[in-house]
Amino acid sequence: QSGMTVLTEGVNTIDNPSGIEIEFLDIEQETNGIKIAQRLIVFQANGKLILVTLTAPIDFKAEVFASGDVIGASIELLK
């Protein structure tokens with residue numbers, strides 16, 4: 001049975017200079033025999049929950065997840 005494994009524990013945040021509360025969850029799962037890693041980045045805007053998903057083969061997890069930190073830090077709400 002293929003399922004997912006949650007890699008993070010507790011509340012995980014990304015520093016955001018605009019003051020937006022950005023949280024993330026890291027998971028691993030196997031799809032069609034290929035192990036993948038995902039970082040789910042979540043935040044709220046205008047009462048709506050926004051979810052950004054980054055997906056990469058397990059071998060590239062560190063590089064892709066580092067990009068997720070940059071993306072989370074760069075989010076700004078438009079007025």
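Residue numbers run from 1 in the order of the sequence given.
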Worksheet item: Do you know which two heavy atoms are closest between Ala56 and Val64, and how far apart they sit?
Response: CB-CG2, 3.5 Å

Worksheet item: Any chain of hydrophobic side-chain contacts (each under 4.5 Å) joining Val52 to Val11?
Response: no

Item to complete: With sequence neighbours excluded, give me every salt bridge (Lys or Arg N to Asp or Glu O under 4.0 Å) pair touching residues 51-61.
Response: Glu28-Lys61

Discussion item. Which Ile, Leu, Val, Met, Phe, Trp or Tyr residues join Val70 in one cluster when any pair of side-chain heavy atoms under 4.5 Å counts as a link?
Written reply: none

Worksheet, complete the sentence: Between Thr13 and Phe24 the two heavy atoms that sit nearest each other are O-CE2, 3.6 Å

Worksheet item: Under a single-linkage definition using a 4.5 Å side-chain heavy-atom cutoff for Ile, Leu, Val, Met, Phe, Trp and Tyr, are Ile41 and Leu7 assigned to the same hydrophobic cluster?
Response: no

Worksheet item: Which heavy atom of Gly68 sits nearest a heavy atom of Ile14, and at what distance?
Response: O-CD1, 3.8 Å

Worksheet item: If you look only at pairs with a residue in residues 7-22, which of them pass as a salt bridge (Lys or Arg N to Asp or Glu O under 4.0 Å), with sequence neighbours excluded?
Response: none

Fill in: Backbone of Ser18 reached by a side-chain donor or acceptor of Asn16 within 3.5 Å
yes

Discussion item. Tell me the closest heavy-atom pair linking Pro17 and Ala73, and the distance in Å.
Written reply: CD-O, 3.2 Å

Fill in: Verify same cluster id: Ile36, Ile58 (apolar side-chain graph, 4.5 Å)
no

Discussion item. Working to the nearest 0.5 angstrom, can you tell me the gap between Ile75 CD1 and Ile20 CD1?
Written reply: 6.5 Å

Worksheet item: In terms of hydrophobic clusters joined by side-chain contacts under 4.5 Å, are Leu40 and Met4 together?
Response: yes

Fill in: Separation between CD of Glu30 and OG1 of Thr5, rounded to the nearest 0.5 Å
10.0 Å

Worksheet item: Which of these passes side chain to side chain contact (heavy atoms under 4.5 Å, CB included) with Arg39: Asp69, Ile27, Ile71?
Response: Asp69

Discussion item. Quick one: does any side-chain atom of Thr8 pair with a main-chain N or O of Asp26 as donor and acceptor, under 3.5 Å?
Written reply: yes

